[in-house]
Amino acid sequence: MDALADTRPRAEKIIAVLGPTATGKTELTFGLCKAFGGEMVGADSMQVYRGLPVGTAAPRPEECPAVPRHLIGVLPPEIPFSVADYVANAAGIIAHLHSIGKTPVLCGGTGLYIESLVNGLDFAEVGMPQNARVQMEAEWDEAGAAEMLRRLAALDPEHAAKLHLNDKKRILNALWQTREQRATYAERAARSRPAEKPYDALLIGVDARDRALLYKRIEARVNGMLAGGLLDEAKTVYEHRKAYKTAAQAIGYKEFFPYFAGGAPLDACAEKLKQATRNYAKRQLTWFRRMKDVHWLFLEDGGLEETASALTEAFLRGE
RNA sequence: GCCUCUGUAGCUCAGUUGGUAGAGCAGUGGACUGAAAAUCCACGUGUCGUUGGUUCGAUUCCGACCGGAGGCA
């Protein structure tokens, strides 16, 4: 009885290190894994892809050979990937880690993935396949934005009211899902959300108090990527851009397409890349700042590893 | 030295037939349930280079000066 009470809650614990790009999440995660017998589980929509380590800043085995990593560099770039795939895969890995007594430490910058996983969202129903997407696009071109939004409003007025006329991606998706599943957005959302959260999660966020510091680190990181062979990687992506449906969207590659296509100067593309990374970091922050129960650590304060370790220790002990 | 063009938001520029000005980008904030490193929304006062003149009123017209670009010597 005692043994059962001792092990059961522990099996549901997960740790997540999150925050904007270039804040040192990976290092911090390695540190925690080593200290607490954890394994790293990627929470990043682009680092899942194989063969793109430079541009996606994917953690490499040689950086920390002792720590096993999951969902990083495992998928051929031709394969599309989505939240549903992420949650399904990550949940499986986490269950396995728990079964062998390891603590999963999520690490990544994709807010949607982390939140969906932590909340245990269930994406059992089918997602929109490629050919349906093409069809919906055609319907959009033929009917126009206002009419498409009206069609959605006829089926799901509540959700349609929340979408902006320009938000084509969401309108098309919502319309397709609503027709396909004969259920409104709210109904689908309720269905996908479990009654109880599946994990006991410790969320550790890393940020800079001064935005300028974050931007300086981004600048340095991009320069490092360029020195580390980013251009070769970008060239590969450029040449396969049609086949790499999801991967070609990654920041770090598409900014160089104008250069490969001929014309655009290289340094202008590099500038554009830094810009895009800054914009991205800001979007990540608005996502993460909204999340509840994040323990924020700030780069300026120093001692991140110590603070994170202390939090983790208390968390694993059961507070 | 002379001639032409030019000086407006952090950047690139528009504009006011004279009533003190607005786009894109950047920046900031926000949204986000199957492409999320994606997609979308909101937010624009700045001695309109300086200084005189004309005018009820000048950033707008005229003059001078200062800065920038080009041309002729």
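Owing to the predicted nature of the structure, the values given are computational and were not obtained by experimental measurement. Each chain gets a letter, A, B and so on, in the order the sequences are listed, and its residues count up from 1.
- When heavy atoms are screened at a 4.0 angstrom cut-off, A:Lys254 is found touching the sugar-phosphate backbone but no base atom.
- One donor-acceptor pair, N or O on each side, does fall under 3.5 Å between the base of B:A38 and the side chain of A:Lys169.
- Within 4.0 Å (heavy atoms only), A:Ser45 reaches at least one base atom of the nucleic acid.
- A side chain to side chain donor-acceptor pair (under 3.5 Å) with A:Gln275 is found for one member of A:Lys272, A:Glu271, A:Arg278 and no other, namely A:Arg278.
- No option in A:Tyr244, A:Tyr259, A:Phe257 other than A:Phe257 meets the ring-ring contact (aromatic ring centres under 6.0 Å, His included) test with A:Tyr238.
- Going from the P atom of B:C5 to that of B:U45 covers 32 Å, rounded to whole Å.
- Whole-Å rounding puts the A:Leu172 CG to B:C40 P distance at 12 Å.
- The same atom, P, is picked in B:G30 and in B:A36; the two are 23 Å apart, to the nearest Å.
- For A:Arg278, counting side-chain heavy atoms from C-beta on, the closest listed nucleotide (B:A31, B:A26, B:A35) is B:A26.
- For B:A38, the OP1/OP2 oxygens have no side-chain nitrogen or oxygen of A:Thr246 closer than 4.0 Å.
- With RNA chain B read from its 5' end, the first of the two nearest nucleotides for A:Gln181 and A:Met225 is the one closest to A:Gln181.
- Between A:Arg133 and A:Glu137 there is no salt bridge, since no side-chain nitrogen of the basic residue lies less than 4.0 Å from a carboxylate oxygen of the acidic one.
- At the heavy-atom level, A:Ser116 lies nowhere under 4.0 Å from the strands shown.
- Of the C1' atoms belonging to B:U16 and B:G57, the separation is 14 Å, rounded to the nearest Å.
- One C1' atom belongs to B:G19, the other to B:C66, and the distance between them is 29 Å to the nearest Å.
- For B:G29, the OP1/OP2 oxygens have no side-chain nitrogen or oxygen of A:Arg283 closer than 4.0 Å.
- Using a 4.0 Å heavy-atom criterion, one finds that A:Thr56 contacts the bases of the nucleic acid, with or without backbone contacts as well.
- When heavy atoms are screened at a 4.0 angstrom cut-off, A:Arg289 is found touching the sugar-phosphate backbone but no base atom.
- Within the shown strands, B:C72 is the pairing partner of B:G1 under the Watson-Crick or G-U definition, both distances less than 3.5 Å.
- Residue contacts shown for A:Asn279 are limited to sugar-phosphate atoms, with no base heavy atom under 4.0 Å away.
- Residue contacts for A:Glu115: at a heavy-atom cut-off of 4.0 Å it reaches no nucleic acid atom on any strand shown.
- Atom pair A:Trp287:CH2 and B:G30:P shows a separation of 14 Å (rounding to whole Å applied).
- Computed from coordinates, the A:Leu163 CG to B:G30 P distance equals 20 Å when rounded to whole Å.
- For A:Arg211 and B:U28, a side-chain-to-base donor-acceptor distance below 3.5 Å is absent, hydrogens and geometry of angles not being considered.
- Residues A:Arg150 and A:Glu147 are paired through a salt bridge, judged by an N-O separation under 4.0 Å between the basic side chain and the carboxylate.
- Side-chain atoms of A:Gln284 and A:Tyr280 form a donor-acceptor pair, as typed in the model, at a separation below 3.5 Å.
- A:Tyr215 comes within 4.0 angstrom of the backbone, heavy atoms only, and of no base.
- With both ends at atom C1', the span from B:U54 to B:G63 equals 11 Å, rounded to whole Å.
- Of the two residues contacting RNA chain B, namely A:Arg170 and A:Tyr185, the nearest-nucleotide position lying further toward the 5' end is that of A:Tyr185.
- Using cut-offs of 30° and 60° on the angle between ring planes, the pair A:Tyr185 and A:His159 is parallel.
- Between A:Leu112 atom CG and B:A31 atom P there is a gap of 14 Å when expressed in whole angstrom units.
- Within 4.0 Å (heavy atoms only), A:Arg188 reaches no atom of the nucleic acid at all.
- The NZ-C1' distance, from A:Lys272 to B:U12, rounds to 14 Å in whole Å.
- Rounded to an integer number of Å, the gap from A:Lys168 NZ to B:A36 P is 17 Å.
- Rounded to an integer number of Å, the gap from NZ of A:Lys282 to C1' of B:A37 is 15 Å.
- A gap of 10 Å separates the P atoms of B:C43 and B:A23, to the nearest Å.
- Nucleic acid contact class of A:Ala124 (heavy atoms, under 4.0 Å, all strands): base.
- Residue contacts shown for A:Gly109 are limited to sugar-phosphate atoms, with no base heavy atom under 4.0 Å away.
- A:Val126 comes within contact range of at least one nucleobase, with a heavy-atom separation under 4.0 Å.
- In this structure B:A36 sits in no base pair that meets the Watson-Crick or G-U test at under 3.5 Å.
- Rounded to whole Å, the C1' atom of B:U4 lies 47 Å from the corresponding atom of B:C41.
- Across all strands shown, B:U59 forms no Watson-Crick or G-U wobble pair with both key distances under 3.5 Å.
- Between A:Tyr199 and A:His98, the ring-plane angle classifies as tilted under the 30° and 60° cut-offs.
- A close approach under 4.0 Å does occur between a side-chain nitrogen or oxygen of A:Gln275 and OP1 or OP2 of B:G27.
- Contact annotation for A:Tyr253: no contact, since no heavy-atom pair falls under 4.0 Å across all strands.
- Side-chain contact of A:Arg188 with A:Thr178: a donor-acceptor pair under 3.5 Å is present, judged by distance alone.
- In this structure B:A9 sits in no base pair that meets the Watson-Crick or G-U test at under 3.5 Å.
- Nucleic acid contact class of A:Met128 (heavy atoms, under 4.0 Å, all strands): sugar-phosphate only.
- Computed from coordinates, the A:Glu187 CD to B:U33 P distance equals 16 Å when rounded to whole Å.
- Donor-acceptor pairing under 3.5 Å, judged by distance alone, is absent between the side chain of A:Asn173 and the base of B:A35.
- Put simply, the side chain of A:Lys274 never gets that close to the backbone of A:Ala220: no donor and acceptor are under 3.5 Å apart.
- With both ends at atom C1', the span from B:G27 to B:G10 equals 9 Å, rounded to whole Å.
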